[in-house]
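What follows is a single structure, written as structure tokens, with notes after it.
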There are 2 protein chains.
Amino acid sequence: MVAYTPGQVVEETGFSLDTLRYYERIGLLEPIGRNASGQRRFTEGDVSWLGMVRCLRDTGMPIAEMVRFAELVRAGDQTIRERVEVLEAHDRRVEEQFADLREKQEALQRKIQYYKDVLSIPDGVYDAQG
Amino acid sequence: MVAYTPGQVVEETGFSLDTLRYYERIGLLEPIGRNASGQRRFTEGDVSWLGMVRCLRDTGMPIAEMVRFAELVRAGDQTIRERVEVLEAHDRRVEEQFADLREKQEALQRKIQYYKDVLSIPDGVYDAQG
DNA sequence: CTGCAAGCTGGAGTGCACTCCAGCGCAACC
DNA sequence: GGTTGCGCTGGAGTGCACTCCAGCTTGCAG
């Protein structure tokens, strides 16, 4: 059975050692196994769960919600349906984020265009704040 | 000349009163004019600048960078070219955010699909973490 | 004239998500 | 057998962007 040292997990997942320990403390990771001298040894399962965590984190899921999701995972197979609901709700939020951000970006681009228009008529007098 | 009370600005901009005061403290807003008894009276220009602030904030520009941008605005018309550069760099970052987020979302959707596949074969035995 | 809402100030507190630190253990390499 | 490196712990600190608070003044409605 393969076991990963903390250093290897840092390498693989991109999370810092402190972050990994923090995630374990708050219950986002279940207690990580230890070798004879008390050092962490991560399993394949731990690492793949960290992949899920990264995915959720990078799409903006708050830690508290990831912890709730982790609890569902630990509760076993009968929670799969609920997990799908959580993930789909999250996916819809991500979709909303997109729409929102796109709108805001369009506003930004209009402002940029405004500045460029001012630039192209160099000696006008404008209130350049709007 | 129209002047806005703090309450009206809260209404118009969606920023809280505390946030407005905070923005003034840190120099994101220039010192707001006061009436005879010391209460703030915002000008049209203040409000339109707050529109810009909202636009930048909502597209994820950090406060510190907004403050630098505010300083450019205060420095006058000769900084317009530089302002355009700042805004365009920001716009490119927003674009990157999109690409990034879309990628992460695709990963998320693959994970959701995986769960759904598990759901559709109800009595298999799977490691549902990946 | 009495309330109550709105606003003022400086400073402290909050929430999130880490991040850092001191002081320690263990293993291994020269 | 020293020192280098990886890892351990509990707890404190950080950075960001607000948000709240006590204690006060001002504005306006009834």
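Numbered from 1 within each chain, the chains take letters A, B, ... in sequence-line order.
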- Message: Looking at Glu82(A), is its backbone amide N or carbonyl O close enough to the side chain of Thr79(A) to form a donor-acceptor pair, meaning the two atoms are under 3.5 Å apart?
- Response: no
- Task: Please report, rounded to the nearest Å, how far the P atom of dC18(C) is from the OH atom of Tyr22(A).
- Result: 6 Å
- Do side-chain atoms of Glu30(A) reach the backbone of Arg74(A) as a donor and acceptor pair under 3.5 angstrom? no
- Task: Have a look at Arg93(A) and tell me which of His90(A), Glu96(A), Gln97(A) forms a side-chain hydrogen bond (donor to acceptor under 3.5 Å, both in side chains) with it.
- Result: His90(A)
- Query: Are Tyr23(A) and dC18(C) close enough that a side-chain N or O sits under 4.0 Å from OP1 or OP2?
  - Reply: yes
- Task: Take the protein atom CG of Leu28(B) and the nucleotide atom C1' of dC16(D), then report the distance between them rounded to whole Å.
- Result: 14 Å
- Thinking salt bridges, do Glu95(B) and Arg102(A) make one under a 4.0 Å N-O criterion? yes
- Query: Does the Asp46(A) side chain pair with the main chain of Thr43(A), one donor and one acceptor, at a distance under 3.5 Å?
  - Reply: yes
- Going by the angle between their ring planes, with limits at 30° and 60°, are Tyr23(B) and Phe15(B) parallel, tilted or perpendicular? perpendicular
- Task: Map Pro6(B) and Arg25(B) onto DNA chain C by nearest heavy atom, then report which one ends up closer to the 5' terminus.
- Result: Pro6(B)
- Please state how far atom CZ in Arg34(A) lies from atom C1' in dC6(D), giving the value in whole angstrom units. 14 Å
- Message: Taking only side-chain N and O atoms of Arg57(B), does any of them lie within less than 4.0 angstrom of OP1 or OP2 on dC18(D)?
- Response: yes
- Backbone of Thr5(A) reached by a side-chain donor or acceptor of Gln8(A) within 3.5 Å: yes
- Rounded to whole Å, CG of Leu56(B) lies from P of dC16(D) at a distance of 17 Å
- Task: Check the distance between dA17(D)'s C1' and Met66(B)'s CE and give it to me in whole angstrom.
- Result: 9 Å
- In numerical order, the residues of residues 10-21 of chain B whose heavy atoms come under 4.0 Å of DNA chain D are Asp18(B), Thr19(B)
- Query: Roughly how many Å is it from CZ in Phe42(B) to C1' in dC8(C), rounded to a whole number?
  - Reply: 12 Å
Collect all protein-nucleotide pairs involving nucleotides 26-30 of chain D in which both atoms are nitrogen or oxygen and the distance is under 3.5 Å.
residue	atom	partner	partner atom	Å
dT26(D)	O3'	Ser37(B)	OG	3.0
dG27(D)	OP1	Ser37(B)	OG	3.0

- Side chain Glu24(A), main chain Ile32(A), donor-acceptor under 3.5 Å: yes
- Message: Whole angstroms only, please: what is the CD-C1' distance between Gln8(B) and dA5(C)?
- Response: 15 Å
- Query: Can you say whether the rings of Tyr115(B) and Phe69(A) are parallel (under 30°), tilted (30 to 60°) or perpendicular (over 60°)?
  - Reply: perpendicular
- For dC8(D), does OP1 or OP2 lie under 4.0 Å from any side-chain N or O of Arg40(A)? yes
- Distance, rounded to the nearest Å, where Ile32(A) contributes CD1 and dC6(D) contributes C1': 17 Å
